Amino acid sequence: MLEGLRAALAGRTERRAPSGEFVPSAVLILVYPSGGDHRVLLHRRSQHVVHHKGDIAFPGGVQEEGESLLETALRETHEEIGVDPADVEVLGRLDDTPTSANYLITPYVGTIPSPYEFRPNSEEVDALLEAPVSGLLERSNRRDDARLVDGELKRIPCFACDGQLVVGATAMILADLVELIQGSERGGPAN
């Protein structure tokens with residue numbers, strides 16, 4: 001699966017949104033083999049963080065001055081869940097995702113050796129969730145939430161994952177990843 005994902009990421013042109021008034025940020029989507037399947041690593045944010053307490057998210061955060069967005073994703077992943085940046089093989093990136101909280105998230109996709117000893121930072125992370133890719137691909141685990149955004153009705157994806165509901169920007173990014181994986185498994189373009 002990783003080879004198909006790598007090829008799909010290499011063969012696409014990601015959409016980059018103009019930063020404008022958005023705060024540049026980045027996340028790292030870790031996909032790795034585990035237990036006969038591939039997993040996507042998510043975490044539940046702690047109650048100690050300033051924003052998005054208890055939300056299910058990818059490791060990531062706001063870009064610091066002088067660093068690239070990829071460096072942001074790797075730094076935040078190290079700070080939040082203890083993954084050494086040297087252990088990450090970056091496979092590519094997905095489309096930028098603007099949020100209603102004025103962040104512009106650039107998602108990178110990477111893989112790590114497996115098994116891996118994660119070291120979550122308890123100040124930022126309550127729990128790790130290792131979502132099986134096979135479960136994410138099952139239509140029964142996906143929901144669509146209808147919301148009114150700027151006077152327009154929009155369908156926003158949601159995912160049931162390990163007894164949790166993944167919503168918001170994380171779910172939108174996860175939907176892009178799932179679409180890319182499905183396209184790579186069919187042997188065709190995903191976008």
Side-chain angles (χ1 to χ4, degrees), residues 1-12 26-46 49 52 54-61 70 73-94 97 105 107-144 157-188 190-191:
M1 192 212 68
L2 288 176
E3 288 308 314
L5 184 55
R6 181 189 333 271
L9 285 162
R12 67 188 295 276
V27 298
L28 182 60
I29 306 164
L30 289 173
V31 182
Y32 51 93
S34 177
D37 198 347
H38 283 81
R39 310 269 174 184
V40 174
L41 187 69
L42 298 156
H43 67 274
R44 186 174 54 244
R45 294 174 57 83
S46 79
V49 295
H52 309 293
D55 284 0
I56 305 300
F58 296 111
L70 176 56
L74 293 169
R75 173 184 52 77
E76 288 283 349
T77 301
H78 182 255
E79 290 173 5
E80 292 176 12
I81 59 174
V83 172
D84 186 333
D87 293 339
V88 177
E89 178 189 352
V90 177
L91 303 175
R93 65 176 291 260
L94 297 176
T97 303
I105 302 172
Y108 290 91
V109 180
T111 190
I112 51 175
S114 184
Y116 198 90
E117 185 178 335
F118 299 110
R119 296 180 313 281
N121 176 343
S122 62
E123 288 298 311
E124 297 191 50
V125 176
D126 270 348
L128 295 179
L129 303 168
E130 295 180 277
V133 169
S134 60
L136 295 172
L137 295 175
E138 288 180 25
R139 184 67 185 128
S140 63
N141 289 326
R142 181 168 173 170
R143 324 272 192 278
D144 284 324
C158 303
F159 288 87
C161 172
D162 200 19
Q164 306 287 319
L165 189 61
V166 181
V167 299
T170 302
M172 290 187 287
I173 293 167
L174 198 51
D176 288 347
L177 177 70
V178 165
E179 183 180 327
L180 188 69
I181 291 170
Q182 289 171 328
S184 71
E185 288 179 348
R186 289 189 304 266
N191 59 348

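Bear in mind the structure is a predicted one, so any value in this text is a computation, not a measurement.
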*Asks:* Can you tell me how far apart CZ (R39) and CG (L128) are? Round to the nearest 0.5 Å.
*Replies:*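 Here the interatomic distance stands at 13.0 Å.
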
*Asks:* Taking all heavy atoms of G82 and all of Y116, pick out the closest pair and write down the distance.
*Replies:*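 The answer is O-OH, 4.0 Å.
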
*Asks:* Considering all heavy atoms of both residues, which atom of G61 and which atom of E76 are nearest to each other, and what is their separation?
*Replies:*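 Of all heavy-atom pairs spanning G61 and E76, the closest is N-CG, 3.5 Å.
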
*Asks:* If you round to the nearest 0.5 Å, how far is CG of L2 from OG1 of T111?
*Replies:*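 One finds 4.5 Å between OG1 of T111 and CG of L2.
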
*Asks:* Taking all non-hydrogen atoms of both residues into account, name the closest pair between V27 and F58 and its distance.
*Replies:*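 Scanning both residues, the minimum pair turns out to be CB-CB, 3.8 Å.
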
*Asks:* I want to check something: taking the side chain as every heavy atom from C-beta on, are I173 and T170 in contact at a cut-off of under 4.5 Å?
*Replies:*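 When only atoms from C-beta onward are counted, T170 and I173 do not touch, as no gap falls below 4.5 Å.
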
*Asks:* What's the verdict on side chain to side chain contact (heavy atoms under 4.5 Å, CB included) for C161 and L42, showing C-alpha distance, side-chain angles and the deciding distance?
*Replies:* CA-CA 10 Å; C161 172; L42 298 156; 4.1 Å; yes

*Asks:* Does a side-chain heavy-atom distance below 4.5 Å link F159 with V178?
*Replies:*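 The answer is yes; the side chains approach within 4.5 Å.
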
*Asks:* Drop me the distance from L28's CG to L70's CG, to the nearest 0.5 angstrom.
*Replies:*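 Going from CG on L28 over to CG on L70, the span is 8.0 Å.
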
*Asks:* What are the two closest heavy atoms between A171 and C158, and how far apart are they?
*Replies:*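 Heavy-atom minimum between the residues: CB-CA, 4.1 Å.
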
*Asks:* Hey, are the side chains of V40 and V133 touching, using non-hydrogen atoms and a 4.5 Å cut-off?
*Replies:*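 Yes, close enough: below the 4.5 Å cut-off.
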
*Asks:* Answer whether the closest heavy-atom distance between the side chains of I81 and L30 falls below 4.5 Å.
*Replies:*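 Heavy-atom side-chain distance check passes, below 4.5 Å.
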
*Asks:* List the residues meeting salt bridge (charged side-chain N to carboxylate O under 4.0 Å, His left out) with D126, not counting sequence neighbours, and say none if there are none.
*Replies:*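 For D126, no residue satisfies salt bridge (charged side-chain N to carboxylate O under 4.0 Å, His left out) once neighbours in sequence are set aside.
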
*Asks:* Taking all non-hydrogen atoms of both residues, which atom of S122 and which atom of S46 are closest, and how far apart?
*Replies:*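 What the structure gives for the nearest pair is O-CB, 3.9 Å.
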
*Asks:* Going by the rule side chain to side chain contact (heavy atoms under 4.5 Å, CB included), which residues pair with E123 if we only count those two or more places apart in sequence or in a different chain?
*Replies:*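 For E123, the residues satisfying side chain to side chain contact (heavy atoms under 4.5 Å, CB included) (neighbours in sequence not counted) are H48, N121.
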
*Asks:* Keeping T97 on the side-chain end and A169 on the backbone end, is there a donor-acceptor pair under 3.5 Å?
*Replies:*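 No, because the side chain of T97 does not come within donor-acceptor range (under 3.5 Å) of the backbone of A169.
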
*Asks:* For the atom pair CZ (R44) and CD (E124), what is the distance rounded to the nearest 0.5 Å?
*Replies:*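 Atom-to-atom, R44:CZ and E124:CD are 15.0 Å apart.
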
*Asks:* Check whether any side-chain heavy atom of L91 sits under 4.5 Å from a side-chain heavy atom of V31, and report yes or no.
*Replies:*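 No - every pair of side-chain heavy atoms lies 4.5 Å or more apart.
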
*Asks:* Could you grab the distance from atom CZ of R143 to atom CG of L165, nearest 0.5 Å is fine?
*Replies:*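 Going from the CZ atom of R143 to the CG atom of L165 covers 7.0 Å.
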
*Asks:* So, for D87 and P113, which heavy atoms are closest and what is the spacing to 0.1 Å?
*Replies:*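 Smallest heavy-atom distance, with atoms named: O-CD, 3.3 Å.
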
*Asks:* For a 4.5 angstrom cut-off between non-hydrogen side-chain atoms, does V83 reach H78?
*Replies:*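 No, every pair of side-chain atoms sits at 4.5 Å or beyond.
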
*Asks:* Apply side chain to side chain contact (heavy atoms under 4.5 Å, CB included) to the pair L180 and R12, showing each step before the final yes or no.
*Replies:* CA-CA 10 Å; L180 188 69; R12 67 188 295 276; 3.8 Å; yes

*Asks:* Rounded to the nearest 0.5 Å, what's the gap from OG1 on T77 to CZ on R75? Could you check?
*Replies:*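 Going from OG1 on T77 over to CZ on R75, the span is 9.5 Å.
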
*Asks:* State plainly whether the residues R142 and D144 are in salt-bridge range, i.e. N to O under 4.0 Å.
*Replies:*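 Looking at R142 and D144, the cut-off is met.
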
*Asks:* Only one of L177, L174, D176, I29 passes side chain to side chain contact (heavy atoms under 4.5 Å, CB included) with P107; say which it is.
*Replies:*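 Testing P107 for a side chain to side chain contact (heavy atoms under 4.5 Å, CB included) against L177, L174, D176, I29 leaves exactly one candidate, I29.
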
*Asks:* Any side-chain heavy-atom pair from E130 and L41 closer than 4.5 angstrom?
*Replies:*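 With C-beta onward as the side chain, the pair touches.
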
*Asks:* Let me see the working for V167 and I56 under side chain to side chain contact (heavy atoms under 4.5 Å, CB included), right down to the final yes or no.
*Replies:* CA-CA 8 Å; V167 299; I56 305 300; over 6 Å; no

*Asks:* D84 side chain to A86 main-chain N or O, any donor-acceptor pair under 3.5 Å?
*Replies:*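 Such a contact is found between D84 side chain and A86 backbone.
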
